[in-house]
**Student:** 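I am attaching a structure below and will ask some questions about it afterwards.
Remember, it's 1-based here, ligands and their atoms both numbered in the order they're listed. Computed from heavy atoms alone, side chains included, the values below leave out hydrogens, waters and symmetry copies.
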Amino acid sequence: MKNANTATWSGIRTVFLDRDGVLNEKVPEGQYVSQWEDFRVLDGVPEAVAKLNRAGMRVIVVTNQRGVALGLYTVADLQALHTAFARFLARHGARIDAFYACPHDRGECNCRKPLSGLFEQAVVDFPDVSAAKSVMIGDSLVDIEFGRRLGMKTVLVMGTENRAPGSETAAELADLQCSSLLEAVETILSFA
Ligand SMILES: [Mg+2]
Ligand SMILES: [Zn+2]
């Protein structure tokens, strides 16, 4: 039974996006993107985000960044990267409302997806956000588990390269599968 969650497509108000593999090219497992110079925005991403903006959807990024815990980059590096990405999007008429990142290692926090802490942080900043009116778009099993646990709709973006771990299971669990963020957004907006 695929649609055991409570959300309905027509009521979606907030779109939660994973970062790596959805907004930018995923690098091989165990590698991390830590600076704007290495951040490759995927085709159609500014257009997809702008479409969500025009539809009045809130757009929130939730990303696991264990590279901080591993000492590969700092929270300040992460913020600088997200600021540069936001500037790039602004030049294309697109806006992400907020970025939330888990900088911790496995098993030491409640905010590493699939745990729900990043959603709870978003609700503090945007109290009208409700899981039942949200969709999670990601490329990994943890993204789909995160959304399902909270009762969101879920969309798996299946890239062709550097496919995320658990993607077969994720494909079974997700409400929808798409090949890109743009396709996911167009599908969601067609239901709205
Ligand atoms: Mg990802
Ligand atoms: Zn965390």
**Student:** Whether Lys113 and Asp18 form a salt bridge (side-chain N of Lys/Arg under 4.0 Å from carboxylate O of Asp/Glu) is what I want to check.
**Tutor:** yes
**Student:** Taking atom types as modelled, find out whether Gln65 and Tyr73 have a side-chain donor-acceptor pair closer than 3.5 angstrom.
**Tutor:** yes
**Student:** Taking N, O or S atoms only and a limit of 2.8 Å, check whether Asp143 reaches the Mg ion (ligand 1).
**Tutor:**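 False for Asp143.
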**Student:** Do you know how many protein N, O or S atoms are within a distance smaller than 2.8 Å of the Zn ion (ligand 2)?
**Tutor:** 4
**Student:** Ring-plane angle category for Phe16 and Phe146, please: parallel below 30°, perpendicular beyond 60°, tilted otherwise.
**Tutor:**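 Taking Phe146 first and then Phe16, their aromatic rings stand perpendicular (interplane angle over 60°).
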**Student:** Over 60° means perpendicular and under 30° means parallel, so classify the ring planes of Phe85 and Phe88, tilted if in between.
**Tutor:** parallel
**Student:** Kindly report the OD2-the Mg ion (ligand 1)-OD1 angle for Asp18 and Asp139 respectively, rounded to 10°.
**Tutor:**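 Computed angle, vertex at the Mg ion (ligand 1), rounded to 10 degrees: 90°.
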**Student:** Answer yes when Asp105 and Arg66 have at least one side-chain N-carboxylate O distance shorter than 4.0 Å, and no when they do not.
**Tutor:**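 Judged by the 4.0 Å cut-off on N to carboxylate O distance, Asp105 and Arg66 do form a salt bridge.
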**Student:** Sequence neighbours left out, cut at 3.5 Å: what donor-acceptor pairs do the side chains of residues 184-192 make with other protein atoms?
**Tutor:**
from	atom 1	to	atom 2	distance (Å)
Thr187	OG1	Glu183	O	2.7
Ser190	OG	Thr187	O	2.6

**Student:** If only side-chain N and O atoms count, and only distance matters, is there a donor-acceptor pair under 3.5 Å linking Tyr100 with Asp125?
**Tutor:**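 Indeed, the side chains of Asp125 and Tyr100 share at least one donor-acceptor pair under 3.5 Å.
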**Student:** Name of the Asp20 N, O or S atom nearest the Mg ion (ligand 1)?
**Tutor:** O
